[in-house]
Novice: 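What follows is a structure written as structure tokens; I'll ask about it next.
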Amino acid sequence: MQTVSLSFFRFSTTFSQLWAIYMMGAARPQLRRVSGIEFWKLCGSGSGEGFNPVPNLAIYAILATWQTEDIARKHIHAHKLWQRYRAQAVEDWTVFLAATSTRGCWSGRSPFTVTESSAHGPIAVLTRATIKPRIAAKFWAQVPDISNVIKRDSEVLFKIGLGEVPLLHQVTFSIWPNAGAMTQFARQPEGPHQRAINAVRSGNWFREELYARFTVTGDLGSWGGRSPLHMQAHQK
């Protein structure tokens with residue numbers, strides 16, 4: 001069963017942040033040679049909650065797809081590239097995912113293979129879009145309202161905005177305790193998220209877009225001192 005891994009790394013020093021910026025280019029040839037990897041992307045993040053065009057030089061991510069979770073865990077634990085990232089980072093966290101629905105393309109491909117949905121446990125949602133340059137200003141004008149709403153939502157376990165190319169290639173990723181909590185946020189009548197969706201559909205803002213939903217199958221490491229998957233129990 002295909003497994004998707006999304007590894008986050010936090011860098012605290014100027015040297016490590018400059019190293020991470022350098023690796024946005026230097027890691028590409030290494031990722032191409034990783035045995036068992038099927039699809040991969042290197043991403044930076046935005047400031048604040050990540051849903052901001054101003055880069056956050058402290059946080060970077062590696063997304064990858066693998067044939068199985070065992071292969072994914074083996075490589076993320078032992079491969080020299082992930083080891084180098086961990087050696088420079090002050091904290092890292094990897095979440096493992098199984099796609100339950102997907103539509104659209106990423107770099108001309110449909111990278112996620114849909115598997116059987118689990119009825120229990122948290123779910124994750126990933127959106128990715130290539131924004132048309134002439135629309136970028138309109139798109140980013142919508143983002144602060146969405147960011148403020150998701151920030152106040154007590155149900156969300158984890159959320160971040162990522163990007164391959166600043167301003168134009170954007171990714172959002174969030175984890176929710178269940179499908180109902182995610183749907184309630186996404187479908188708030190006249191809420192900022194729904195207004196943004198309506199604007200995208202009516203204005204044809206994106207050259208390419210992808211939406212995928214996942215079951216969270218496990219994680220490795222910590223973020224903010226603990227696993228975000230344990231936040232629900234902590235909040236209770």
Side-chain angles (χ1 to χ4, degrees), residues 3-66 69 71-97 106-107 111 124 126-128 140 143 147 150-151 156-175 216 218-231 234:
T3 288
V4 180
S5 66
L6 186 51
S7 301
F8 299 96
F9 302 91
R10 193 192 310 275
F11 302 94
S12 63
T13 67
T14 300
F15 175 84
S16 64
Q17 291 174 8
L18 290 173
W19 179 88
I21 294 170
Y22 165 76
M23 291 300 288
M24 288 291 286
R28 294 176 183 275
Q30 299 177 58
L31 282 165
R32 294 188 189 104
R33 296 193 296 269
V34 175
S35 62
I37 201 167
E38 299 173 330
F39 177 87
W40 55 265
K41 289 292 179 182
L42 291 160
C43 294
S45 67
S47 58
E49 297 291 320
F51 305 94
N52 191 303
V54 179
N56 179 354
L57 301 182
I59 297 175
Y60 294 82
I62 303 175
L63 179 144
T65 66
W66 315 83
E69 186 170 326
I71 293 173
R73 286 183 176 271
K74 176 182 176 181
H75 281 80
I76 289 167
H77 172 72
H79 193 279
K80 61 182 180 181
L81 178 63
W82 275 266
Q83 289 180 339
R84 289 179 67 192
Y85 268 84
R86 282 194 294 272
Q88 293 291 339
V90 293
E91 188 173 37
D92 69 279
W93 180 61
T94 296
V95 59
F96 298 97
L97 311 163
W106 193 337
S107 297
L126 182 148
T127 68
R128 187 268 175 187
W140 286 108
V143 171
S147 179
I150 196 171
K151 183 177 181 179
V156 64
L157 304 180
F158 180 81
K159 70 278 188 186
I160 194 167
L162 302 170
E164 300 167 77
V165 176
L167 299 179
L168 299 179
H169 292 185
Q170 298 304 308
V171 178
T172 67
F173 180 75
S174 57
I175 300 177
V216 178
D219 69 334
L220 185 67
S222 66
W223 200 250
R226 64 171 183 254
S227 164
L229 302 185
H230 299 161
M231 285 181 62
H234 177 78

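Since the structure is predicted, the reported quantities are computational estimates derived from the model, not experimental observations.
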Novice: Are F158 and D219 side-chain neighbours, meaning at least one heavy-atom pair lies under 4.5 Å?
Specialist: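 They are not in contact (no side-chain heavy atoms under 4.5 Å apart), so the answer is no.
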Novice: Check whether any side-chain heavy atom of F96 sits under 4.5 Å from a side-chain heavy atom of L220, and report yes or no.
Specialist: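 Side chain of F96 against side chain of L220, heavy atoms only: contact under 4.5 Å found.
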Novice: Does any part of the side chain of V95, heavy atoms only, come nearer than 4.5 Å to the side chain of F173, both counted from C-beta?
Specialist: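 Yes, close enough: below the 4.5 Å cut-off.
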Novice: Are L126 and V4 close enough, and set up right, to give a side chain to side chain contact (heavy atoms under 4.5 Å, CB included), and what steps lead you there?
Specialist: CA-CA 11 Å; L126 182 148; V4 180; over 6 Å; no
Novice: Does some side-chain heavy atom of W19 sit less than 4.5 Å from a side-chain heavy atom of T13?
Specialist: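 Of all side-chain heavy-atom pairs linking W19 with T13, none is under 4.5 Å.
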Novice: As a quick check of understanding, evaluate side chain to side chain contact (heavy atoms under 4.5 Å, CB included) for T127 and V171, giving each step before the final call.
Specialist: CA-CA 6 Å; T127 68; V171 178; over 6 Å; no
Novice: Quick check against the 3.5 Å criterion: does S45 have a side-chain atom that pairs as donor or acceptor with the backbone of I59?
Specialist: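 Yes, the answer is positive, given that a donor and an acceptor are paired below the 3.5 Å cut-off.
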Novice: Any side-chain heavy atom of S107 sitting closer than 4.5 Å to one from K41?
Specialist: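 Yes, their side chains come closer than 4.5 Å.
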Novice: Measure the shortest side-chain to side-chain distance between L6 and T94 over non-hydrogen atoms and say whether it is less than 4.5 angstrom.
Specialist: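 No. Closest side-chain heavy atoms not under 4.5 Å.
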Novice: Below 4.5 Å, heavy atoms only, C-beta onward: do Y60 and I21 meet side chain to side chain?
Specialist: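 In contact.
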Novice: Ring-plane angle category for W106 and F39, please: parallel below 30°, perpendicular beyond 60°, tilted otherwise.
Specialist: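 The rings of W106 and F39 stand perpendicular, inter-plane angle above 60°.
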Novice: Between Q88 and F9, does a side chain to side chain contact (heavy atoms under 4.5 Å, CB included) hold up when you go through it step by step?
Specialist: CA-CA 9 Å; Q88 293 291 339; F9 302 91; over 6 Å; no
Novice: Between E91 and G224, is there a donor-acceptor pair closer than 3.5 Å when you use the side chain of the first and the backbone of the second?
Specialist: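 Checking the backbone N and O of G224 against the side chain of E91, a donor-acceptor pair under 3.5 Å is found.
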Novice: Less than 4.5 Å apart, any side-chain heavy atom of I175 and any of V156?
Specialist: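 Answer no - side chains too far apart.
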Novice: For the residue pair W93 and F8, categorise the inter-ring angle as parallel (less than 30°), tilted (30 to 60°) or perpendicular (more than 60°).
Specialist: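 The arrangement is parallel - the two ring planes meet at less than 30°.
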Novice: Do you know the tightest heavy-atom contact between V34 and I37?
Specialist: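 Closest approach of V34 to I37: O-CG2, 3.2 Å.
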Novice: Which word best sums up how the rings of H79 and H75 line up, parallel for under 30°, tilted for 30 to 60°, or perpendicular for over 60°?
Specialist: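 Correct class here is parallel.
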Novice: Go through it in stages, so that I can follow the logic: the residues are M23 and L81, the test is side chain to side chain contact (heavy atoms under 4.5 Å, CB included), and I'd like the CA-CA distance, side-chain angles, deciding distance and then a yes or no.
Specialist: CA-CA 10 Å; M23 291 300 288; L81 178 63; 3.6 Å; yes
Novice: Taking salt bridge (charged side-chain N to carboxylate O under 4.0 Å, His left out) as the cut-off, I'd like each qualifying pair that reaches into residues 22-31, sequence neighbours left out, listed once.
Specialist: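 Found none.
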Novice: If I compare all heavy atoms of N56 with all of G46, which pair ends up nearest, and what's the gap?
Specialist: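 Smallest interatomic distance, heavy atoms only, reads CB-O, 3.3 Å.
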